[in-house]
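We name chains A, B, ... by the order of the sequence lines, and we start the count at 1 in each one.
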Amino acid sequence: MSQALLDIQELSKYFGGLKALDQVGFNVMGGEILGLIGPNGAGKTVCFNLISGVYRPTAGKIYFNGQRMDGTSPHQVAHKGVGRTFQIVKPFGTLSVVENVLVAKGITKYNRFSRIWSTWKSKAEINEALEMLERVGLKDLADRQAGLLPLGNLRRLEIARALLVGHKLLLLDESFSGLRHEEIVQLEELIRSIRETGITVLLIEHNMRVAMGLCDRLVVLDHGSKIAEGRPQEIQQNEKVIEAYLGRKEASDAA
Amino acid sequence: MQLFFEQLLNGIAMGSIYALVTLGLALVYGILRILHVAHAGVYTVGAYIGLFFFQLTGSLIIAALGSMVFCAMLGVAIERFVYYPLLKYPPYVPLIGSIAVMLAIEELCRLIAGPHILTFAAKLPFPEIQLGGITISSTLMAVYCITAGVLAFLWYITSFTELGLAMRATSQDIPIADAMGINSHLIVSITFVLGSAIAAIAGILVGIYYNQVYPTMGAVPAYKTLALIVVGGLGSVPGAVIAAMLLGVAETLLIGYANIPLPRDALAFIAMIGVLMWRSEGLLGSR
């Protein structure tokens, strides 16, 4: 671990009177797997949407690789090498699996007028896309219509797409939810292997066991504020975190 | 029998022109889920600008290019200044905006060019063909060839180029397309450029075909193309083209040849009502 790849400072997002995210700051170091956890409505996905440019922050700064990144539009964030998945899987349903990957592969061309006319049907392009599918274990399904795949495969497809875009930073939004146990184990291995190739991973996770087992460090949000940050063992013992998840002692006594 | 074939040829030409106008509407609906009624206004402007450049230079090629460029800019202006700010509202709001733009375009044409019917007396540079006693006029040949060329061009773009893939991705889900590095707003603008340039071609062809250009020439196409994209399956470009071809042939044969006592323009809406009752997803639509 060297310098921070992603540096988030005093980040806030208000929707009218609602403070969805309030002065949250943390760093993501190059090469680590950082987990963003917290109860429902804690502001995790809002935080992702701010990083990926879907929302503009109300206040605060985001630095990526030392450069200011807040307020840039989503496709520009993608061009900086940040790939993301979505909490609700959204494949391009009518395209085939391999075409879904090719859309993401197009990232090297969309910015250049001369290359936007080039074909995506060349052998080389398709072979590279198939290699990526092999890596996430979907090669056999390459020609299927993406909208018809089961959830576990869709999650892998989303990761394949995000990997082609995010060669520096990968944002995974609850990639494990709704998966069976074997699928969870396979996906954990995939994410570790992604980290081995030097890609930094920031993930939102609901499943505590997965988050504790997979992440190097955890950042805990509750009601839009950061309440803890540290190694999984430290977080497990942290009283504020236990309170946030299980409810305050007084409150449960009164009930 | 000869009359039948002549009518069939006319029907295919009619259908081709419907297809050219409907294409833009289907493309825009596919990507923004907006009923782009003002598209028929762009088509009217296309005919006027084409006629203007033709009278100025005497060259149909300059007229076509000038009209396509002007209409492409008009289409993008409508997208940027009318639809884009209204996208966050329910779909009927941009629809109302679109109808307003359509009326404004008609009235502007009337103010600038006058309410009279102008003639567009140009001879299209296409050969006349004799086929077993039937003559295919150079105008019909032009309509066939240009439509085939436009369709082939669009098919090539959407099926083979990176731009086409980006357009297909954007039409499915704008946030995801953005996350894949696609500048979706630029793709939307390119869609308007394509659709509007094609509408300009259609406007010129119709102007020459009937030898007339007038401010309300877009009124009938405005609602007929709406019926056509419903029949074809909302958002399906191939569906819209097939529906347009079928309608052109059906109109000419059923009413022109078989003399069914119905107003010609009613047919599109009978087809639309039929589709809505029995096959609401349209000919090629999904969902």
For residues [X] and [Y], report the shortest heavy-atom separation together with the two atoms involved.
X	Y	answer
B/Ala179	A/Val165	O-CG1, 3.7 Å
B/Ser159	A/Trp120	O-CZ2, 3.0 Å
A/Trp117	B/Tyr156	O-OH, 4.4 Å
A/Val103	B/Ala169	CG1-CB, 3.8 Å

Looking at [atom1] of [X] and [atom2] of [Y], how far apart are the two atoms once the value is rounded to the nearest 0.5 Å?
X	Y	atom1	atom2	result
B/Thr161	A/Lys121	OG1	NZ	10.5 Å
A/Lys90	B/Gln172	NZ	CD	12.5 Å
A/Thr85	B/Ile176	OG1	CD1	9.0 Å
B/Ile182	A/Tyr110	CD1	OH	4.0 Å

Which one of A/Ser118, A/Ser52, A/Gly83 has the most heavy-atom pairs closer than 4.5 Å to chain B?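 The candidate making the most pairs under 4.5 Å is A/Ser118.
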Ranked by heavy-atom pairs below 4.5 Å to chain B, first place among A/Glu158, A/Arg84, A/Glu99 goes to A/Glu99
Within 6.0 angstrom of [X] [atom1], more than 12 heavy atoms from elsewhere:
X	atom1	value
A/Leu18	CG	yes
B/Ile270	CD1	yes
B/Tyr84	OH	no
A/Phe15	CZ	yes
B/Tyr83	OH	yes
A/Arg56	CZ	no
A/Arg144	CZ	no

From CA spacing to verdict: side chain to side chain contact (heavy atoms under 4.5 Å, CB included), B/Met180, A/Arg161: CA-CA 8 Å; B/Met180 300 294 123; A/Arg161 285 192 318 199; 3.7 Å; yes
Identify which part of [X] has an atom lying under 4.5 Å from any heavy atom of chain B, answering side chain, backbone, both or neither.
X	value
A/Val54	neither
A/Leu164	neither
A/Phe92	both

Can you tell me which of B/Asn183, B/Ile157, B/Asp173 forms the most heavy-atom pairs within a distance under 4.5 Å of chain A?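 Option with the top pair count is B/Asn183.
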Derivation and outcome, side chain to side chain contact (heavy atoms under 4.5 Å, CB included), residues B/Leu186 and A/His75: CA-CA 11 Å; B/Leu186 182 66; A/His75 71 271; over 6 Å; no
